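Excluded from the calculations below are hydrogen atoms, water molecules and symmetry mates; all remaining heavy atoms, backbone and side chain alike, are included. Remember, predicted model here, so these are calculated numbers, not experimental data.
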Amino acid sequence: MIAEDETVDQHWIERCIILGEYLVAERNGQPVGFLRWSWFWGKIPYIDMIRVEPSLRRSGIGTLLLDHLQTSAIRQGAKMLLTSCETSEQEPLDWHLGNGFKKVGEIEFPTVQNSSELFLAKRLD
């Protein structure tokens, strides 16, 4: 599953693993999903990527990964989570909204992607 984390190079993945910013979900000893994050401004967890094996989506694995991150973030004093997705990505957007994230802004990156990047936040109370 980590091999499917193609949006960054191997050095960044290794960095995240070393710093504990990479969660892997397993089922029967096999990886079935992951959540990679980093720290925005050094104090707000930002979900860089969350991915679950397509055949297991909507089974709760992504939400379990998110729950684990939230628990850890609260213990570390975080007050919110941030994430983003392209405005054209309806399935990820629906998932984030269904898990309590709210839209907080949108930025265009015309030389990088075709649709705007939508930023979402979730308060951790």
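Grouping the Ile, Leu, Val, Met, Phe, Trp and Tyr side chains by contacts below 4.5 angstrom, directly or via other members, places Leu23 with Ile50. Tyr22 and Phe40 fall into different hydrophobic clusters, where Ile, Leu, Val, Met, Phe, Trp and Tyr side chains are chained together by heavy-atom contacts under 4.5 Å. Transitive grouping of hydrophobic side chains (ILVMFWY, heavy atoms separated by less than 4.5 Å) brings Val104 and Trp41 into a common cluster. Residues Leu65 and Leu82 fall into different hydrophobic clusters, defined by Ile, Leu, Val, Met, Phe, Trp and Tyr side chains chained together at heavy-atom separations under 4.5 Å. Note on Met80: it does not cluster hydrophobically with Leu35, by side-chain heavy-atom contacts below 4.5 Å among ILVMFWY residues.
To the nearest 0.5 angstrom, Leu69 atom CG is 10.0 Å from Glu21 atom CD.
Taking 4.5 Å as the limit, every side-chain heavy atom of Thr87 sits out of range of all side-chain heavy atoms of Leu93.
Under a 4.5 Å side-chain heavy-atom criterion applied to ILVMFWY residues, the cluster that includes Leu19 comprises that residue alone.
One N or O on the side chain of Lys122 and one on the backbone of Asn99 form a donor-acceptor pair closer than 3.5 Å. Judged purely by atom type and a 3.5 angstrom limit, Thr83 uses its side chain to pair as donor or acceptor with the backbone of Ile47.
By the salt bridge (charged side-chain N to carboxylate O under 4.0 Å, His left out) test, Arg57 pairs with no residue at all, sequence neighbours left out. Considering only residues two or more places apart in sequence or on other chains, Gln30 meets the side chain to side chain contact (heavy atoms under 4.5 Å, CB included) condition with none of them. Listed by chain and number, the residues in a side-chain hydrogen bond (donor to acceptor under 3.5 Å, both in side chains) with Asp67 amount to none (sequence neighbours excluded). Listed by chain and residue number, Ser84, Glu86, Phe109, Gln113, Phe119 satisfy the side chain to side chain contact (heavy atoms under 4.5 Å, CB included) test with Glu117 (two or more places apart in sequence, or in another chain).
Here the closest heavy-atom approach between residue Leu124 and residue Ala73 is recorded as CD1-CB, 3.9 Å.
Counting non-hydrogen atoms of neighbouring residues, nucleotides and ligands closer than 6.0 angstrom, the CD atom of Glu14 exceeds 12 such neighbours.
Sequence neighbours left out, the pairs with a member in residues 42-100 that pass ring pair (Phe, Tyr, Trp, His ring centres under 6.0 Å) are His96-Phe101.
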